[in-house]
Amino acid sequence: MGKKVMMLGNEAIARGAYEAGVRVSAAYPGTPSTEISEALVQYKDELYAEWSPNEKVATEVAIGASMAGARAMACMKHVGLNVASDPLYTASYMGVTGGLVLVVADDPGLYSSQNEQDTRMVARAAHVPVLEPSDSGEAKEFMKLAFDYSEQFDRPFILRTTTRLAHSQSTVELEDRVERELIPYEKNIAKRVMMPAMAKARHGVIEEKMAELAEAANTLPVNRVEMRDKKIGVITSGIPYQYVREALPDASVLKLGMVHPLPAKLIADFAAQVEELYIVEELDPVIETQVRAMGITCKGKECFTLLGEYSANMLRERILGETVDAKTPAQVPNRPPILCPGCPHRSVFYILKKLGIHAAGDIGCYTLGAVAPLSVVDSTICMGASISSMHGIEKAAGKEFKKNWVAVIGDSTFLHTGVNSLMNMVYNKATGTVIILDNSTTGMTGHQDHAATGWTLQKEPTNAVNLVRLCEALGVKHVQEINAFDLETLEREINAANESDEIHVIITKTPCVLLDKRKKPVYVSLSDKCKKCGMCLKPGCPAISKQADGTVRIDDTMCTGCGLCEQLCKFQAIEKVGE
């Protein structure tokens, strides 16, 4: 028996991949999946891990590694699977050589996402089997099983996780890595070249493979029956299993570790033994719909919600009819999400608001430019959509209307899918201003590197994409870098760009304040000089507060010395202390 340790679900997934003999992992950071790749780096002597520009590329890298005979994986959050779905659907037809696993993290409760989609729905459409663990120990073991099953059944597999599993801890038993030789490559056009004739034949093959897997699911150890009191039976999987065991300790449970395809015979046998059957699953009624289609009477979403996370208390209320006397939560101050003190995005949004300009937004920290007091970001759709949607605004409403708009996008997001959108603007003779908020990191997910930072996931120096030259190569004639805190230049150039009938790209190249660990000066307010005009309060810096007498106070424990407030004060009532 190996050593037992406590691990986050994401760490356990990484450990399982390591023990399974994975050689290649590719990913794009996306909460709640990010820590998987960061945990894999500790094993860099035995495997290769990278940040890819986006999830589509990451999946294609993993597919290539599998073709070469290695065990390979790609990691992403649920919306990243949308980006990766193009290669995934075709990889399903191709099958695998070395085991191929996509780890996809769903986000019930919308803790860090723009929607609450259910990966199991995509997997069903793509004919890709899915394993779903319930704790860190299972997360590690299911990763190993996913690779075994992938090679056994010639299928790419998805390991589905959720925020609650990814970021909670439980016991994991460590075992040794099993090194695996590359499976010898054999040329096979019919299996790997998905032109129509080959794809038509492969479609029949994958239907046969999925039917074979569905039959095997009835006896696979990942699906198990826990028979107790037969008055209540529950079919469940993943984290909801933990809620079921806590709320209904005496209930009989069919715990599904494989949630697609479902074990029809096992489900029918279990249902026949219990008096009342409940399906407990977060998000969509994926299991419930199929169980009902089998002609089995059950209770599901009419008792529970389609929205957010479940809890043990919810199950007690909805199944047992108990009134749960929940304790009154402690009263704590409301803390809405805001940009950090010293964030370079704040000054850009301040200028946009001053000029009365709308911003088509994107995915990243700068999405917070939508909330008060800045309130300049009018839309957030998906990665890279800011540029494309602004282009659509112009084509629909005309150049004059669009002169009140800009697109804002981060450096990592620009390289993810924004490049294509800018290319489209150039190709289709658009006009408009694109502001790349270059803070030299992937900020929202915890400061991961990308292709323009000069560092790989494994912290090796590498070539850094030059965003200026990249934009120029796409055909943009007007590209310039500006310090985000140079308010005068920023205002002048945004004004000039929006009055132009050409494409302008403004790159506000100022690193994320959290990356700069140097000791910084701070600013103090001089109450005797303060005119109570409130100009310094307009950008909404959390380090500045209004006092009872109308003057302002700067919290020196929060101030990062960016100097934005000093530029806005026309009465020299704010001054720098220290260097």
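Throughout, numbering of the chain's residues begins at 1 and tracks the sequence.
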Name all residues meeting the ring pair (Phe, Tyr, Trp, His ring centres under 6.0 Å) criterion together with F414; count only those two or more places apart in sequence or in a different chain, and write none if there are none.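 Listed in chain order: nothing, the list is empty.
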
With Y18, which residues qualify under ring pair (Phe, Tyr, Trp, His ring centres under 6.0 Å), at least two apart?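 Residues passing ring pair (Phe, Tyr, Trp, His ring centres under 6.0 Å) with Y18: Y43.
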
With a cut-off of under 6.0 Å to the ring centre and 45° to the axis, is R224 in cation-pi contact with Y241?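 Ring-cation test returns yes.
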
Return yes if a side-chain donor-acceptor contact under 3.5 Å exists between [X] and [Y], otherwise no.
X: T162; Y: D106; value: no
X: Q117; Y: N82; value: yes
X: R318; Y: Y310; value: no

Looking only at heavy atoms, which two atoms of L159 and M143 are closest? And how far apart?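 Of all heavy-atom pairs spanning L159 and M143, the closest is CD2-SD, 3.6 Å.
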
List the atom of V96, the atom of P156, and the distance in Å for their closest heavy-atom pair.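 Heavy atoms only, the tightest pair is CG1-N, 3.6 Å.
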
Does [X] reach the main-chain N or O of [Y] with its side chain, forming a donor-acceptor pair under 3.5 Å?
X: D107; Y: S112; answer: yes
X: E317; Y: E322; answer: no
X: R180; Y: A20; answer: yes
X: Q152; Y: D148; answer: no
X: K299; Y: F304; answer: no
X: T367; Y: D362; answer: yes
X: N223; Y: G257; answer: yes
X: S136; Y: A12; answer: no
X: S237; Y: E132; answer: no

Give the C-alpha distance, both sets of side-chain angles, the deciding distance and a yes or no for salt bridge (charged side-chain N to carboxylate O under 4.0 Å, His left out) between K231 and E275. CA-CA 5 Å; K231 290 182 180 179; E275 296 178 22; over 6 Å; no

Applying salt bridge (charged side-chain N to carboxylate O under 4.0 Å, His left out), run through D118 and R160 and close with a yes or a no. CA-CA 10 Å; D118 194 321; R160 181 194 187 227; 3.5 Å; yes

Passes salt bridge (charged side-chain N to carboxylate O under 4.0 Å, His left out), K265 versus D269? Steps please. CA-CA 6 Å; K265 183 177 185 302; D269 290 346; 3.0 Å; yes

Apply salt bridge (charged side-chain N to carboxylate O under 4.0 Å, His left out) to the pair K77 and E55, showing each step before the final yes or no. CA-CA 9 Å; K77 67 184 295 179; E55 296 85 358; over 6 Å; no

State the CD-CD distance between E11 and Q169, to the nearest 0.5 angstrom.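 CD of Q169 is found 7.0 Å from CD of E11.
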
Is there a side-chain contact between [X] and [Y] (heavy atoms, below 4.5 Å)?
X: L47; Y: R23; result: no
X: E288; Y: E302; result: yes
X: L88; Y: I158; result: yes

Do the rings of H127 and H203 sit parallel, tilted or perpendicular, given the 30° and 60° boundaries?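 Tilted, since the angle between the ring planes falls between 30° and 60°.
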
Quick one, V259 with L131, criterion side chain to side chain contact (heavy atoms under 4.5 Å, CB included). Give me CA distance, side-chain angles, the key distance, then yes/no. CA-CA 6 Å; V259 293; L131 298 184; over 6 Å; no

Passes side-chain hydrogen bond (donor to acceptor under 3.5 Å, both in side chains), N115 versus H78? Steps please. CA-CA 9 Å; N115 65 40; H78 61 292; 3.2 Å; yes

Decide side-chain hydrogen bond (donor to acceptor under 3.5 Å, both in side chains) for S412 and Y28; before the verdict, give the C-alpha distance in whole Å, the side-chain angles of both, and the deciding distance to 0.1 Å. CA-CA 10 Å; S412 181; Y28 181 82; 2.7 Å; yes

